[in-house]
Amino acid sequence: MKLDETLQPDPWHFVRPELADAYLDAFDLKLSSARGLFARRRMGKTEFLRRDLLPAAQERGYLAAYTNFWDSRSSPAPSLVSALADALEPHGLRAVLAKLGNPVRKIKASAKIPGGVEGALEAELSAPEANSGVALREVLRQLDRQKKPLLLVIDEAQVLARAEHTEFAHALRAALDIRKDRIKVIFAGSSETTLREMFARASEPFYNWAALEPFPLLGDEFVAFTIRLMNRMARRRLTLEQGKYVFEELHRTPEFFKRFIERYMLYQLDGHEAALAHTKASVFSDENFLKQWTAMKAADQIVIGLLARGETDIHSAAGLKRLTQLLGKIATKNTSAQALRRLQAHNVVTRLAIGDYRIEDEAFAEWIRRRTAPAR
Ligand SMILES: Nc1ncnc2c1ncn2[C@@H]1O[C@H](COP(=O)(O)OP(=O)(O)OP(=O)(O)O)[C@@H](O)[C@H]1O
Ligand SMILES: [Mg+2]
């Protein structure tokens with residue numbers, strides 16, 4: 001199926017079949033039909049979902065759909081539709097296209113090329129006149145006819161919490177609500193706070209809809225696997241102890257550990273300490289956060305500083321007073337509104353509801369909290 005075709009085999013991938021089974025077992029037991037997973041950035045959520053969970057689901061007889069809302073954060077609907085369409089067999093897809101008014105002859109022709117049907121659907125859905133509400137209904141109707149249940153993975157699901165997607169979120173919830181026994185959903189994301197808002201707030205469409213839990217992180221077994229594989233190619237081998245030490249030093253972040261391995265392989269003669277120092281310098285120098293920070297206007301820095309400490313009511317009289325105080329000149333609603341607009345335009349801040357803002361990247365928020373003195 002198409003899911004696998006987009007992924008190249010990766011010998012460095014550490015498989016997690018037990019974890020995949022645990023999630024699927026819970027669905028099979030019908031204990032729940034939706035789960036929410038969160039973990040900090042770069043901890044291996046996406047890799048697990050795509051390389052372990054979805055293939056395991058397919059083996060158990062599920063249709064599998066994956067969508068990453070971050071890639072389509074301004075309009076998630078079409079990307080959901082094409083993910084669902086990808087899960088369908090070609091004849092189901094053809095039926096959807098026919099319903100959408102795409103001449104079957106044209107589709108038959110395009111279906112001869114690999115990916116032709118999907119390509120045609122993709123084009124159809126992204127056409128300016130395409131109505132993704134109608135398309136979603138048709139794709140779901142076809143899915144309802146399938147014998148197999150569906151596992152839908154929504155990565156970066158926090159995008160759904162954005163105020164501008166409220167309508168879509170409601171439509172999605174309604175569609176999933178009536179199909180709980182046939183469509184299982186995993187919501188994943190890196191912002192725990194935003195995901196919590198989604199599932200814990202009574203006014204949100206997904207209120208109480210999924211249990212939210214931390215994603216189990218990669219640990220010593222991952223390190224052992226990676227070191228063993230590396231030692232097969234390295235002239236200077238590393239011990240497991242050295243590997244564990246490095247992993248710890250890199251805050252147990254798999255992505256950074258892989259970067260260390262790469263560096264070490266290229267400069268083995270320099271030793272592992274040198275490779276570690278180099279990796280740290282490139283990933284923790286805070287360079288990127290600092291660059292992002294210094295590029296901001298003073299008002300933006302203050303506003304985001306307030307948001308980082310949970311003071312979300314920036315426009316209130318008290319908020320403007322704080323802003324005036326910190327900025328050293330009179331701040332009006334216009335000052336804060338413009339700062340928030342700029343922060344949103346740069347995808348630094350998300351608006352959840354009127355007057356309610358969140359910093360997109362938890363790590364950046366943490367960095368800001370540590371950097372700026374607590375508000376007095
Ligand atoms: N199971 C694994 N085996 C080997 N390497 C892994 C594994 N999981 C993650 N990694 C490494 O960590 C990197 C980051 O993983 P991934 O993109 O899945 O993280 P994430 O939690 O989805 O991050 P983000 O929140 O930024 O999307 C991968 O590119 C890969 O190098
Ligand atoms: Mg990811």
Side-chain angles (χ1 to χ4, degrees), residues 3-4 6-23 35-56 66-73 76 79 83 152-161 186-196 198 212-233 243-244 246-265 275 279 282-284 288-289 292 347-348 350 358-367:
L3 265 174
D4 312 320
T6 56
L7 287 178
Q8 296 295 320
D10 177 3
W12 293 94
H13 174 67
F14 172 68
V15 296
R16 306 176 83 185
E18 296 86 9
L19 187 57
D21 279 340
Y23 286 119
R35 315 267 293 250
L37 317 175
F38 62 88
R40 290 198 319 278
R41 301 224 31 220
R42 307 186 187 92
M43 296 309 255
K45 298 178 294 294
T46 300
E47 199 160 313
F48 168 74
L49 296 169
R50 301 198 71 192
R51 290 189 185 270
D52 297 300
L53 184 68
L54 287 168
Y66 172 87
T67 178
N68 187 326
F69 279 170
W70 187 252
D71 300 335
S72 56
R73 51 196 178 276
S79 87
L152 168 63
V153 171
I154 299 182
D155 207 350
E156 308 292 356
Q158 70 273 8
V159 168
L160 278 173
I186 296 231
F187 298 92
S190 50
S191 168
E192 181 184 351
T193 33
T194 316
L195 287 172
R196 282 214 182 284
M198 268 180 68
L212 190 61
E213 61 220 331
F215 171 68
L217 301 178
L218 288 165
D220 293 347
E221 285 176 23
F222 159 72
V223 174
F225 164 84
T226 310
I227 292 289
R228 218 179 305 127
L229 186 55
M230 187 203 78
N231 279 342
R232 281 207 241 138
M233 292 168 254
K244 283 186 187 171
V246 167
F247 189 53
E248 209 60 54
E249 287 290 302
L250 294 171
H251 298 236
R252 307 180 71 84
T253 312
E255 180 169 321
F256 301 159
F257 189 64
K258 297 273 279 285
R259 290 215 222 162
F260 160 82
I261 297 286
E262 195 182 339
R263 176 76 193 182
Y264 179 75
M265 284 301 286
T279 309
S282 71
V283 300
F284 291 144
N288 287 330
F289 288 153
Q292 213 175 336
N347 285 323
V348 182
T350 300
R358 285 282 176 286
I359 297 172
E360 195 65 64
D361 185 349
E362 241 344 283
F364 190 35
E366 179 59 34
W367 183 88

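Note that this is a predicted model, so its numbers are computed, not measured. Order of listing sets the numbers, starting from 1, for every ligand and every atom in it.
- At under 3.5 Å, a nitrogen or oxygen of R41, whether backbone or side chain, sits near a nitrogen or oxygen of ligand 1.
- Comparing R259, E47, E262 by heavy-atom distance to atom 2 (C) of ligand 1, the nearest is E47.
- When the heavy-atom distances from atom 24 (P) of ligand 1 to R42, H13, R50 are ranked, the shortest goes to R42.
- The CZ atom of R40 lies 8.5 Å from the NE2 atom of H251; values are rounded to the nearest 0.5 Å.
- Test Y23, F48, F38 against F215 for ring-ring contact (aromatic ring centres under 6.0 Å, His included) and you get one pass: F48.
- Nearest protein heavy-atom neighbour of atom 25 (O) of ligand 1: K45 NZ, 2.9 Å.
- At under 3.5 Å, not a single nitrogen or oxygen of D52, backbone or side chain, sits near a nitrogen or oxygen of ligand 1.
- Annotation for ligand 1: atoms under 4.0 Å from non-hydrogen atoms of P254 are 10 (N), 11 (C), 12 (O).
- In this structure, R51 does not count as a contact residue of ligand 1, since none of its heavy atoms falls inside 4.0 Å of the ligand.
- Ligand 1 is approached by F222 to a heavy-atom distance shorter than 4.0 Å.
- Comparing L217, L229, T46, D155 by heavy-atom distance to atom 22 (O) of ligand 1, the nearest is T46.
- A distance of 9.5 Å separates CD in E47 from CD in E255, rounded to the nearest 0.5 Å.
- Not a single heavy atom of F48 sits less than 4.0 Å from an atom of ligand 1.
- When distances to the Mg ion (ligand 2) are checked against a cut-off of 2.8 Å, S190 contributes no N, O or S atom below that limit.
- The contact set between ligand 1 and W12, taken as ligand atoms under 4.0 Å from a residue heavy atom, comprises 3 (N), 4 (C).
- The distance from the OG1 atom of T253 to the NZ atom of K258 is 13.0 Å, given to the nearest 0.5 Å.
- Contacts with ligand 1 closer than 4.0 Å are made by side-chain heavy atoms of K258 only, the backbone lying farther away.
- Ring orientation note: the planes of F14 and F225 are tilted relative to one another, at an angle of 30° to 60°.
- In this structure, atom 3 (N) of ligand 1 lies nearest to the protein heavy atom F14 N, 2.8 Å.
- Look at D10 and you'll find every heavy atom at least 4.0 Å from all atoms of ligand 1.
- Each of the atoms 19 (O), 20 (P), 21 (O) of ligand 1 lies under 4.0 Å from some heavy atom of M43.
- Across every non-hydrogen atom of A39 and K45, the tightest pair is O-NZ, 2.9 Å.
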